[in-house]
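The structure under discussion appears below in the form of structure tokens.
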Amino acid sequence: MRSQCCGEIGIADVGSKVQLCGWVAHRRDHGEHLAFVDLRDHTGIIQCVLDGSVEVRSEWVVRIEGTVRRRPEGTDNPDLATGQVEVSQCEVEVLAEAEAPPFPVDDRVSADEMLRLRHRYVDLRRPRMQANIRLRARVMGALRDSMASQGFCEVETPLLWTPTPEGAREFTVPSRLHKGEFYVLPQSPQLAKQLLMVGGVDRYFQLARCLRDEDLRADRQFEFTQLDLEASFVDQADIQRAVTEAVLAATRAALGDDIDVPGVETFTWREAMERFGTDKPDTRFGIELVDLTAVFESTEVKAFSAPCVKAIVVPGGAVMGRSQLDSLVQQAKSLGAKGLAWFKVISVAPLVVESPLDKFISITERESLVDVSQASPGDLIAVVASDWRTACSVLGQLRLATGRPGIHEGGLRYCWVTEFPMFDGLDEQGRPQAAHHPFTMPHPDDVHLMASDPLSVRSQAYDLVLNGWELGSGSIRVHREDIQRQIFDALGIGFAEAEERFGFLLGAFRYGAPPHGGFAVGVDRLVALLAGEENIREVIAFPKTQSGTDPMTNAPRELAPGVLRDLGLQVIPRNS
RNA sequence: GGUCCUGUGGUGCAGCCUGGAGUGCACGCCGGCCUGUCAAGCCGGAGGUCGCGGGUUCAAAUCCCGUCAGGACCGCCA
């Protein structure tokens with residue numbers, strides 16, 4: 001039907017006859033005898049010279065047969081990849097007429113996102129979306145190639161799974177053959193892949209669809225794709241190596257082999273919290289947290305007599321006016337701090353500091369404050385005193401608010417965060433909460449603390465972070481029954497309850513479970529960051545809105561009564 | 001469940017704070033002119049429940065309350 005694609009035509013084709021297919025991007029009419037039509041396909045745009053009488057309009061689908069020629073002197077279009085040539089002596093065949101599109105098929109104009117989603121098939125024609133979709137395909141291919149070449153075996157796991165009442169809310173699927181009983185869609189293949197390890201698969205991977213019935217965000221959809229992997233007879237470093245290799249391969253596939261990606265740094269969770277105030281540090285910029293606890297150890301200032309005093313230095317922040325500072329304080333309060341103290345550094349020799357608290361702090365405190373924080377004249381020191389966790393997280397968020405580079409700036413900075421705590425605070429009954437999942441292996445040095453001091457136990461769980469986005473997480477799993485029992489004890493899960501919830505996994509482990517561990521990379525987030533998109537909807541062909549609807553298909557919708565009956569279901573009216 | 005932002009011809013915006021005739025800009029659409037444009041240009045035309053409901057007012061796109069939809073975030077995502 002066609003000899004080549006629009007964007008592929010160049011000087012080399014001059015003189016040759018071509019057959020092209022595509023959509024009419026623009027028509028520039030010059031009267032009875034001349035019209036220019038820009039023909040667009042997934043590769044680009046080429047100008048065709050038509051007789052003015054030929055009827056083609058925007059977004060009509062046409063097949064054009066003509067001859068490639070050099071454009072006349074002075075009419076080249078440097079903005080177009082094919083701008084040195086054009087197709088002339090055109091025979092036009094209209095393959096499909098089209099209504100005027102609901103919004104311009106053009107990257108240069110924005111359109112309401114709902115409108116784009118309702119007519120996603122039109123939106124996908126835009127070069128930006130074409131690029132994103134194809135970049136995604138390259139990333140998926142590179143991930144698959146990398147895993148295969150590292151000796152991992154691709155295995156598909158069930159979409160119709162069994163409810164495991166832990167973690168994310170699951171999507172439920174009614175069973176027709178067993179009325180009143182239900183499957184669920186897997187929130188991840190976590191348990192399945194561990195069973196594969198017991199099954200001797202040794203190294204598994206899958207580009208797996210995962211489904212979670214939780215509220216949506218810019219970086220979260222109901223359904224998303226993970227590069228899911230698991231390996232036997234490995235330690236944490238083996239897994240990190242494999243993941244790093246796959247992700248860097250994907251990065252090169254997306255952006256080219258000569259892309260400059262700095263070495264992947266590793267922070268312990270503690271260090272990430274101390275320096276960046278978050279477990280997913282954006283290391284593209286400085287403004288790291290400084291610890292002032294020692295400085296104000298014996299302070300007279302009540303606001304600073306807290307277990308932890310930390311600060312960030314805002315470069316050039318001394319120019320901030322009253323209202324800006326007030327809103328900074330307000331922000332800190334809304335993030336959970338009791339307040340925020342600020343010091344403008346006017347000069348260092350002699351030391352002059354401007355602050356509501358300046359007359360209350362001692363000369364020594366003022367000197368060490370500026371000394372420890374390494375602030376320069378013109379900087380603002382923002383101080384939060386609180387418990388360690390609050391001080392870190394409030395300043396971590398202020399750090400992002402004041403200094404975070406735009407999505408296209410600062411390059412790609414991958415890092416690992418390791419040694420996550422095993423437990424994440426206490427629940428209402430005073431029991432530790434599993435921070436990762438209950439099959440996460442504790443750090444070998446901390447196993448003895450499991451009963452006496454569970455909250456200080458570190459785990460062998462680790463996250464991969466890119467530019468402040470959590471790209472994925474994994475852990476070494478528990479394969480020893482005695483340790484598993486200690487964890488369940490700490491979590492307050494009795495033998496019977498463990499059997500009820502995870503019986504099939506625990507059962508499998510009794511038949512010889514290899515030491516194993518794994519990881520899962522969020523592919524949507526990875527692709528979004530590589531594409532320079534701030535929202536994963538831009539790299540998903542058919543995403544849902546924030547309230548989980550699809551404006552194109554109108555899903556979700558009511559079912560016909562007969563369908564419900566077949567499933568043994570009855571709908572409770574919404575207003576009851 | 002909560003906080004904030006947005007909703008105005010087909011599209012993107014301005015108008016709203018400080019109420020006074022559906023007013024404006026750009027694009028698109030339809031028609032006309034035009035043989036070298038390239039997001040062509042020029043002329044003309046069509047196109048509106050100012051998201052929806054209620055309130056205040058002589059008068060509401062504008063102020064107030066509610067509601068719906070979209071978005072960002074908190075909760076949630078072991």
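Numbers restart at 1 for each chain; the letters A, B, ... are given by sequence-line order, proteins then strands. These numbers were taken from a predicted model, which means no experiment stands behind them.
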| note | Whether each nucleotide of nucleotides 42-48 of chain B has a protein heavy atom under 4.0 Å at its base (B), only at its sugar-phosphate (S) or at neither (-) is summarised, 5' to 3', as -------
Side chain of [X], base of [N]: donor and acceptor closer than 3.5 Å?
{"X": "A/Arg69", "N": "B/G36", "result": "yes"}
{"X": "A/Gln47", "N": "B/U37", "result": "yes"}
{"X": "A/Arg220", "N": "B/C76", "result": "yes"}
{"X": "A/Arg212", "N": "B/C77", "result": "no"}

Return all side-chain donor-acceptor pairs below 3.5 angstrom for residues 29-37 of chain A, not counting sequence neighbours, or 'none' if the list is empty.
unit_1: A/Asp29; atom_1: OD2; unit_2: A/Arg27; atom_2: NE; d: 2.9
unit_1: A/Asp29; atom_1: OD2; unit_2: A/Arg27; atom_2: NH2; d: 3.3

If you restrict it to nitrogen or oxygen atoms, what contacts under 3.5 Å exist between nucleotides 6-10 of chain B and the protein, and what is each distance?
unit_1: B/G10; atom_1: O2'; unit_2: A/Pro102; atom_2: O; d: 3.4

| note | Ranking A/Leu191 and A/Ala111 by the position along RNA chain B of their nearest nucleotide, the one closer to 5' is A/Ala111
| remark: To the nearest 0.5 Å, atom CZ of A/Arg40 lies from atom SG of A/Cys21 at 14.0 Å
Complementary nucleotide for [N] - Watson-Crick or wobble, under 3.5 Å:
{"N": "B/G31", "value": "B/C43"}
{"N": "B/U56", "value": "none"}
{"N": "B/A61", "value": "none"}
{"N": "B/A69", "value": "B/U6"}

Between [X] and [Y] (salt bridge meaning N to carboxylate O under 4.0 Å), is one present in this structure?
{"X": "A/Arg126", "Y": "A/Asp106", "result": "no"}
{"X": "A/Glu533", "Y": "A/Arg128", "result": "yes"}
{"X": "A/Arg69", "Y": "A/Glu86", "result": "yes"}
{"X": "A/Arg118", "Y": "A/Glu113", "result": "no"}

Report which part of the nucleic acid [X] touches: base, sugar-phosphate, or nothing (heavy-atom distance under 4.0 Å, all strands).
{"X": "A/Arg71", "value": "base"}
{"X": "A/His26", "value": "sugar-phosphate"}
{"X": "A/Ser334", "value": "nothing"}
{"X": "A/Ala435", "value": "sugar-phosphate"}
{"X": "A/Arg126", "value": "nothing"}

| field | A/Arg63: side chain to side chain donor-acceptor pair (under 3.5 Å) partners, not counting sequence neighbours | value | none
| request: For A/Asp228, check side chain to side chain donor-acceptor pair (under 3.5 Å) against everything at least two apart and list the hits. | output: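 By the side chain to side chain donor-acceptor pair (under 3.5 Å) rule, A/Asp228 matches A/Lys193, A/Tyr204.
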| message | Tell me which residues in residues 73-89 of chain A lie within less than 4.0 Å of RNA chain B, going by non-hydrogen atoms. | response |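 Under 4.0 Å from RNA chain B: A/Thr75, A/Asp76, A/Asn77, A/Glu86.
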| Looking at RNA chain B, which of residues 458-478 of chain A put a heavy atom within less than 4.0 Å of it? | none
| message | Looking at B/G36 and A/His30: do their rings stack (centroid distance under 5.5 Å, interplanar angle under 30°)? | response |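 No.
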Between [options], spot the one nearest the side chain of [X], thanks.
{"X": "A/His33", "options": "B/G75, B/U37, B/U35", "result": "B/U35"}
{"X": "A/Ala168", "options": "B/A40, B/U35, B/C77", "result": "B/C77"}
{"X": "A/Pro104", "options": "B/G31, B/G36, B/U11", "result": "B/U11"}

| query | Quick one: is B/U37 close enough that its OP1 or OP2 comes under 4.0 Å of any side-chain N or O from A/Arg28? | reply |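 A/Arg28 to B/U37 OP1/OP2: no side-chain N or O under 4.0 Å.
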If the condition is ring pair (Phe, Tyr, Trp, His ring centres under 6.0 Å), which residues does [X] pass it with, not counting sequence neighbours?
{"X": "A/Phe222", "answer": "A/Phe171"}
{"X": "A/His437", "answer": "A/Phe439"}
{"X": "A/Phe519", "answer": "A/Trp416, A/Tyr462"}
{"X": "A/Phe488", "answer": "none"}

Is it the case that the side chain of [X] and the backbone of [Y] share a donor-acceptor pair, with hydrogens and angles ignored and the cut-off at 3.5 Å?
{"X": "A/Thr390", "Y": "A/Ser386", "value": "no"}
{"X": "A/Glu170", "Y": "A/Leu185", "value": "no"}
{"X": "A/Thr553", "Y": "A/Ala555", "value": "yes"}

| task | Could you measure between the two P atoms, the one in B/G22 and the one in B/U67, and give it in whole Å? | result | 29 Å
| C1' spacing across the pair B/U56 / B/U62, given as an integer number of angstrom | 13 Å
| query | Rounded to the nearest Å, what distance is computed from the CZ atom of residue A/Phe36 to the P atom of nucleotide B/G36? | reply |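 Distance, rounded to whole Å: 8 Å.
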Is any side-chain heavy atom of [Y] closer than 4.5 Å to one of [X]?
{"X": "A/Phe224", "Y": "A/Ile536", "result": "no"}
{"X": "A/Leu491", "Y": "A/Arg431", "result": "no"}
{"X": "A/Met441", "Y": "A/Arg477", "result": "no"}

Identify all pairs in which a protein N or O lies below 3.5 Å from an N or O of nucleotides 66-73 of chain B, and state each distance.
unit_1: B/G70; atom_1: OP1; unit_2: A/Thr545; atom_2: OG1; d: 3.3
unit_1: B/G70; atom_1: OP1; unit_2: A/Ser547; atom_2: OG; d: 3.1
unit_1: B/G70; atom_1: OP1; unit_2: A/Thr549; atom_2: OG1; d: 3.1
unit_1: B/G70; atom_1: OP2; unit_2: A/Ser547; atom_2: OG; d: 3.1
unit_1: B/G71; atom_1: OP1; unit_2: A/Gln546; atom_2: N; d: 2.9
unit_1: B/G71; atom_1: OP2; unit_2: A/Gln546; atom_2: N; d: 2.7
unit_1: B/G71; atom_1: O3'; unit_2: A/Arg537; atom_2: NH2; d: 3.1
unit_1: B/A72; atom_1: OP1; unit_2: A/Asn535; atom_2: ND2; d: 2.6
unit_1: B/A72; atom_1: OP1; unit_2: A/Arg537; atom_2: NH2; d: 3.1
unit_1: B/A72; atom_1: OP2; unit_2: A/Gln546; atom_2: NE2; d: 2.6
unit_1: B/A72; atom_1: N7; unit_2: A/Gln546; atom_2: OE1; d: 3.3
unit_1: B/C73; atom_1: OP2; unit_2: A/Ala218; atom_2: N; d: 3.3

